[in-house]
Amino acid sequence: MKGALAFIGVFLSFLSATAATGEPIATCGSGPYCESLCSICEDIFSGPSVECLSALFHHFCMPKFNNAMDLLNTTDWCVWGNVNSLYSNLSICTEEISDCLQIPWPNPLVEQIFVDIHSTYFKECPTEEFSDPPPATVFALVITPICLIPIMVSLVVLKTKNGDGSS
């Protein structure tokens, strides 16, 4: 019940804030670069929006990642140790910009960026797929319980053969 009342209170405060000016109040995050990013969005896109978010990703995050990947040999793209920090930095960059613009992260735009990255850089990487073990191993794992079941049944019968209940 408290959660519902808090939601209604926040909703009503938003309505009263927009009613006073007639325009919705755009908020900006509190990170070190948030004010400048929000002012870019305000000047070019009339406020924080997914279009502005996309432009900022492609201007700030993607060039760093693409340049770093271009410095690697294509065979090194598939070694996680070589791309881990680049991948993490890209993820942090997209998260920080989204937070500055008060747009939830992850979002469909971020997901699409990472899908595009995977189709560009990692599509030729081999995947670790499980395969069946050799037939000898399968046979040993299957036959062991099959052989143990009759032995266990025989032991139970021999131990309970005395009708007096003593072992």
Side-chain angles (χ1 to χ4, degrees), residues 1-135 137-138 141-142 145:
M1 186 66 183
K2 288 181 182 178
L5 290 175
F7 174 75
I8 292 171
V10 168
F11 182 72
L12 290 176
S13 68
F14 176 75
L15 285 179
S16 65
T18 58
T21 62
E23 296 179 7
I25 296 174
T27 59
C28 190
S30 60
Y33 305 107
C34 290
E35 287 298 322
S36 60
L37 293 176
C38 287
S39 67
I40 291 170
C41 288
E42 190 65 39
D43 294 343
I44 299 172
F45 298 96
S46 300
S49 64
V50 175
E51 291 81 18
C52 182
L53 185 66
S54 176
L56 292 173
F57 285 168
H58 287 22
H59 183 73
F60 291 109
C61 302
M62 295 307 298
K64 290 178 188 176
F65 181 81
N66 291 332
N67 291 338
M69 289 298 285
D70 290 341
L71 292 175
L72 291 176
N73 190 349
T74 56
T75 57
D76 292 334
W77 291 352
C78 297
V79 179
W80 179 244
N82 295 335
V83 297
N84 180 22
S85 63
L86 306 175
Y87 202 83
S88 295
N89 290 340
L90 177 65
S91 180
I92 291 168
C93 181
T94 60
E95 185 176 5
E96 287 176 348
I97 292 175
S98 295
D99 288 346
C100 279
L101 301 183
Q102 301 289 315
I103 295 176
W105 186 94
N107 54 56
L109 177 61
V110 172
E111 291 172 4
Q112 188 58 49
I113 285 174
F114 279 93
V115 167
D116 293 343
I117 285 170
H118 280 259
S119 65
T120 302
Y121 294 106
F122 307 120
K123 68 180 175 185
E124 300 296 325
C125 294
T127 57
E128 296 178 16
E129 295 181 16
F130 294 112
S131 62
D132 290 336
T137 305
V138 173
L141 291 171
V142 169

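- Under the 3.5 Å distance criterion, the side-chain polar atoms of N84 are left unmatched by any main-chain donor or acceptor of W80.
- For H59, the NE2 atom sits in a loose shell: 12 or fewer heavy atoms of surrounding residues, nucleotides or ligands are nearer than 6.0 Å.
- The minimum heavy-atom distance between T94 and F114, with the atom names listed, is OG1-CE1, 4.3 Å.
- Separation of atoms OG (S91) and CD (E96) is listed at 10.0 Å; rounding is to 0.5 Å.
- Aromatic pair F65/Y121: ring centres closer than 6.0 Å.
- Pairing each heavy atom of V110 with each of S98, the nearest pair is CG2-OG, 4.5 Å.
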C52 vs C41, disulfide bond (SG atoms under 2.5 Å apart): CA-CA, chis, key distance, verdict: CA-CA 6 Å; C52 182; C41 288; 1.7 Å; yes
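- Between atom CG of residue L56 and atom CE of residue M62 there is a gap of 13.5 Å, rounded to the nearest 0.5 Å.
- Inter-residue side-chain proximity for I103 and L109 is flagged as unmet; no heavy-atom pair is nearer than 4.5 Å.
- The CG atom of N82 sits 12.5 Å away from the CG atom of L71 when rounded to the nearest 0.5 Å.
- Closest heavy-atom contact between D76 and V83: O-CG1, 4.1 Å.
- Among all heavy-atom pairs drawn from F60 and C93, the shortest one is C-SG, 4.3 Å.
- In this structure, C28 and Q102 approach most closely via the heavy-atom pair C-NE2, 3.8 Å.
- Counting only heavy atoms from C-beta outward, the side chains of L86 and K64 never approach each other to under 4.5 Å.
- Summarising the geometry of P63 relative to F57, their closest heavy-atom pair is CD-O, 4.3 Å, with the distance given to 0.1 Å.
- Contact annotation: the side chain of L90 approaches that of I117 to within less than 4.5 Å [non-hydrogen atoms, C-beta and beyond].
- Between K123 atom NZ and W77 atom CH2 the span is 9.5 Å, to the nearest 0.5 Å.
- Note that CD1 of I92 is 11.5 Å distant from CG of D99, once rounded to the nearest 0.5 Å.
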Derivation and outcome, side-chain contact (heavy atoms from CB on, under 4.5 Å), residues N107 and V50: CA-CA 10 Å; N107 54 56; V50 175; over 6 Å; no
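- Here the CE-OG1 distance, from M69 to T74, works out to 10.0 Å after rounding to the nearest 0.5 Å.
- A distance-only check finds no donor-acceptor pair linking the side chain of S54 to the backbone of E51 [under 3.5 Å].
- Heavy-atom contacts from other residues, nucleotides or ligands closer than 6.0 Å to CZ of F122 number more than 12.
- Contact of the I97 side chain with the L37 side chain is registered, since non-hydrogen atoms from C-beta on lie closer than 4.5 Å.
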